[in-house]
Peer 1: 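Dumping the structure here so I can ask a few things about it.
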Amino acid sequence: MMRQILLTLINLIIGTGIAYGDNHLTELFHQANQCYKDENYPKAISMYQQIIDSGIKNGVVFYNLGNALLKDGQLGKAILSYERAKRLLPRDKDIKANLEYANLLTIDKIKEKKGIIKTLTYKFHHLLNINEQTLGLFIIYLVITFLIILYIFVEKKNIRRLFITLGIILISYFFISLISLFIKIHSVRQANEAIIIVSKVEVKSGPEDELETLFFIHEGTKVKIGEIRDNWYQIELLDGKIGWIKDDTVERI
Amino acid sequence: MEMRLYILLLTLTFFNSNIYAQDISFEASVDKHVLGINERLTLSVTISGGNLSGIPTPQLPPLKDFDIVNSYRSQSISIINAQISTSLDIKYVLVPKDTGKFTIPPITLNYRGKTYQTRPIEIEVTGQRQVVPTPSPPVVRKPKRVHGNLFLEAYVDKHTVFVNEQVTLRIKFYRRINLWETPSYSPPSFTGFWVEDLPTSQQPTRQTIDGRTYLVHEVMNKALFPTSQGEYTIGQASMSCVVSPFQSPITLKTNPIKIKVLPLPKNKPKDFSGAIGNFSISCQVDKKIVEENQPVSLKIKIKGAGNIKTIPKPKLPKLIDFKMYTSGESSQVYNSNFIIQGEKEYKYILVPTSPGKHVIDPITLSYFNPATKRYEISKTHKIIITAKPQKQTKLTIDKKKPLKQEVQLLKEDIRYIKEPVNLANQANFLYQNKLFLLLQLLPILSIAMALSYKRHLVRLNQDIRYSRLKGAKKKASKGIYKAKSLLSDETKDEFYGTISKTLIEYIADKLNLLPNEMTIETLKAKELKEDIINEVENILQTCDYARFAPSTYTLENMKEILNKTKNIIGRI
């Protein structure tokens, strides 16, 4: 049974092994790639979309879809797709590079206020995807357990003291990492980060058309969704500006 | 007679205050700190900063020791690298009323919710008071004839006005006789008023009063704008005339005129900035259809009757889709029928930053109209500017260069698609896997087990009773094992001895008794079950008998007693 569990774990993390037996989807994926090579981007987009709609959430598929969308000129959706890919494959350099490139093309230049601490926590937070972090936490959990058991049986004071120091470090790391994981899961569940997918949006001061326009934002800009009222979203930009937009102008990551 | 001036203090520090906030500086200075009684003092109030649109005129505090003779206002604007810096300079000419040390109190300015204040300025006025500016000794009151032949009159068009509403002052000189030389005129003081000059006609007119015909000269016409509410007096104007070289000069004086200045009604509109009169605002663009990133020039004009110089720059609506540059402003003051009127023009350059229809919302100017005694609003029309997209719009993404300059990375193309072998669903989350969640209990359980084992070890070490209890079974099974090996006819005696010893020791360990304490009575006292006690008694008796008369017991009996013993050990 242990072996089975371990195998499942490895499969979940690395995503290799079982091809999920669906040759049809693999075939579709190859066809989509071929369409991309032939520069038939709209067709490639619809094929990648089909794979995703069938329930396969794969970073590579999102990445390729993002490329096709960008080539097709749909900047907002391309950024959205790259963001989704990045969540699944957080350390992938190609995704990062293309997302950066796509962000250069957006009109809004929003400066996120970031200190060193914020940058570091951001890097730490986005180093691993959810499964990797879950497994990492589990391993730390096992190590901590092992340390506790050793602590119970070892009598020598020096060694016990060492175990306590080590334990405190590991436990703090464990909790920080756990909080980070909870935040990650929460943001995936809530899907409160979203990308503007239309070329220009008027941001109103409240959830009504007649209200005053506070500012404009353009395709590809990342926003955070706060309150939801009817078909309006309250959004917050990375620099802290707040306003209301219609829900059909954005798509959640 | 000339007065001698005594400058007493030369070391008075030159005070000026400089308050920086929101890049506005507000300061007041004087041209001299020590002056004679008959000298004039210039007080300049300077406001400078980036953008002074909407700045109000600072309020002068009441200066009881000085008369304000005149005031000027000048504004300079410089634009360097699209940075506007403006400075507004207001000069007041003051004449001291008396000698002594005086202080010009702080001048306050309220702007965008902040209050700016200058430092007080100390002034020392020296010298004796010059009684009358006329050089003549006491005038011999000449007969009525002369007086009636010459007189000076001051007229105002109204005696009750609102703050900043125009009062027209006209001073006329009437004469019936010729004068020996041109009379010397000294103007009245205008404390509390902003003064604008009005033209005077050079040609005398004729007027008949009480049957006498006079030549009437216009001496002075002024438009006065009271700067704050209260009662103010327009001082006396005087004129000294020499009728003939043999007579001493005659001084003519006007009567002081009291003006009552009313405050403005309270219901001020939000954007009201102190404009009084009757104004209109208009707005013009040079073209309404333009290519993206091409400039459009916008002109805003304010026109009307009233003290136009004090009207601040109108507030422009927010123009999100444009870059805006100020390209200049001009103002012009003229008068018709002695009413001060003017025009102010502000020019801007707008550059649309994105294609589409962009609306410039109406610009409003609210003002108080003293004629209707109401606040009124003038509005410009809404202007729509259509920005056409630039010619090269259909660029493929590959060639599209990022617009933002700060980023040095200019990649030629995006990275190529990936082609992996399998399409695993990476959104299958481990934390939702039930097996994985169950696995989380394992470490906790192992810790619990480790803890209880540790406790057991500690008790074995420290608690004799516990260690006897825990060791009893092991010892007993050793005894049983030994008894089994003695299961033969030759070792009957030894066999029964072992059985008896094992059972007694086992029970003693279990109940934490010494082996010699082990009697049936103690067992009864320990509340063991009746049948167990009977069985134990039975086994022990059998053993005793067998050791004394071994021949009566067969191998079968031995096996039976062994099983009985095993059984009873299991039950206790």
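The model shown is predicted, which means the values in this text are computed figures rather than measured ones. Each chain gets a letter, A, B and so on, in the order its sequence line appears, and its residues count up from 1.
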Peer 1: Counting neighbours of NZ on B/Lys299 that are heavy atoms of other residues, nucleotides or ligands and sit closer than 6.0 Å, is the number greater than 12?
Peer 2: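 Not more than 12 within 6.0 Å, no.
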
Peer 1: Using 0.5 Å steps for rounding, measure from the CG atom of A/Leu135 to the CG atom of B/Leu430.
Peer 2: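 Between atom CG of A/Leu135 and atom CG of B/Leu430 there are 6.5 Å.
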
Peer 1: Donor-acceptor check, side chain of A/Tyr63 to backbone of B/Tyr416, threshold 3.5 angstrom: yes or no?
Peer 2: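 Yes, the answer is positive, given that a donor and an acceptor are paired below the 3.5 Å cut-off.
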
Peer 1: Heavy-atom pairs under 4.5 Å with chain B: which of A/Ile130, A/Ile95, A/Leu65 has the most?
Peer 2: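 Heavy-atom pair counts peak at A/Ile130.
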
Peer 1: Measuring only between side-chain heavy atoms, which start at C-beta, is A/Asn131 closer than 4.5 Å to B/Phe429?
Peer 2: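 Sidechains of B/Phe429 and A/Asn131: in contact.
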
Peer 1: Please classify the contact between A/Leu89 and chain B as side chain, backbone, both or neither, with a heavy-atom cut-off of under 4.5 Å.
Peer 2: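 Side chain only.
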
Peer 1: How close do B/Gln440 and A/Phe138 get, heavy atom to heavy atom, and via which atoms?
Peer 2: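 Residues B/Gln440 and A/Phe138, closest heavy atoms: NE2-CD1, 3.2 Å.
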
Peer 1: Find the one option among A/Ile149, A/Ile148, A/Asn67, A/Leu142 whose heavy-atom pairs under 4.5 Å with chain B are most numerous.
Peer 2: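 Ranked by heavy-atom pairs under 4.5 Å with chain B, first place is A/Asn67.
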
Peer 1: Can you say whether A/Phe62 sits under 4.5 Å from chain B via the side chain, the backbone, both, or neither, judging by heavy atoms?
Peer 2: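 Neither part, no heavy atoms under 4.5 Å.
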
Peer 1: Before you tell me yes or no, could you show the steps for A/Phe182 and B/Tyr431 under ring pair (Phe, Tyr, Trp, His ring centres under 6.0 Å), namely the whole-Å CA-CA distance, both residues' side-chain angles and the distance that decides it to 0.1 Å?
Peer 2: CA-CA 11 Å; A/Phe182 277 143; B/Tyr431 71 88; 8.8 Å; no

Peer 1: Assess whether atom NE2 of B/His381 is packed by more than 12 heavy atoms of other residues, nucleotides or ligands within 6.0 Å.
Peer 2: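 Open.
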
Peer 1: Is it true that atom CD1 of B/Ile289 has more than 12 heavy atoms of other residues, nucleotides or ligands lying nearer than 6.0 Å?
Peer 2: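 It does not: B/Ile289 CD1 has 12 such atoms or fewer within range.
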
Peer 1: Go through the steps to decide whether B/Ile447 and A/Tyr151 satisfy the test side chain to side chain contact (heavy atoms under 4.5 Å, CB included), and finish with yes or no.
Peer 2: CA-CA 10 Å; B/Ile447 289 175; A/Tyr151 180 80; over 6 Å; no

Peer 1: A quick test of your reading: do over 12 heavy atoms of other residues, nucleotides or ligands sit less than 6.0 Å from NZ of A/Lys184?
Peer 2: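 For A/Lys184, atom NZ is crowded (more than 12 foreign heavy atoms under 6.0 Å).
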
Peer 1: Heavy-atom count around A/Phe146 CZ within 6.0 Å, excluding the residue itself: above 12?
Peer 2: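 For A/Phe146, atom CZ is not crowded (no more than 12 foreign heavy atoms under 6.0 Å).
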
Peer 1: Would you name the heavy atoms of B/Arg415 and A/Asn98 that are closest together and state the gap between them?
Peer 2: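 Nearest heavy atoms, B/Arg415 then A/Asn98: N-OD1, 2.7 Å.
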
Peer 1: Quick check on A/Ile152 against chain B: is it the side chain, the backbone, both or neither that has a heavy atom closer than 4.5 Å?
Peer 2: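 Both parts, heavy atoms under 4.5 Å.
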
Peer 1: Check whether more than 12 heavy atoms from other residues, nucleotides or ligands sit under 6.0 Å from atom NZ of B/Lys382, and answer yes or no.
Peer 2: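 For B/Lys382, atom NZ is not crowded (no more than 12 foreign heavy atoms under 6.0 Å).
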
Peer 1: At a heavy-atom separation under 4.5 Å, does A/Lys37 approach chain B through its side chain, its backbone, both, or neither?
Peer 2: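 Looking at A/Lys37, backbone and side chain both touch chain B.
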
Peer 1: Is the CD atom of A/Gln31 crowded by more than 12 outside heavy atoms at less than 6.0 Å?
Peer 2: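 Buried by this count: over 12 neighbours within 6.0 Å.
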
Peer 1: Could you tell me whether the side chain of A/Asn64 and the main chain of B/Lys418 form a donor-acceptor pair under 3.5 Å?
Peer 2: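 Between the backbone of B/Lys418 and the side chain of A/Asn64 there is a qualifying donor-acceptor contact (under 3.5 Å).
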
Peer 1: Quick check: closest heavy atoms across A/Phe153 and B/Leu457, and the distance to 0.1 Å?
Peer 2: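 Of all heavy-atom pairs spanning A/Phe153 and B/Leu457, the closest is CE2-CD1, 4.4 Å.
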
Peer 1: Kindly indicate whether the side chain of A/Thr134, heavy atoms from C-beta on, has any atom under 4.5 Å from the side chain of B/Phe436.
Peer 2: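 The answer is yes; the side chains approach within 4.5 Å.
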
Peer 1: With a sphere of 6.0 Å drawn around CE of B/Met324, does it hold more than 12 non-hydrogen atoms of other residues, nucleotides or ligands?
Peer 2: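 Enclosed.
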
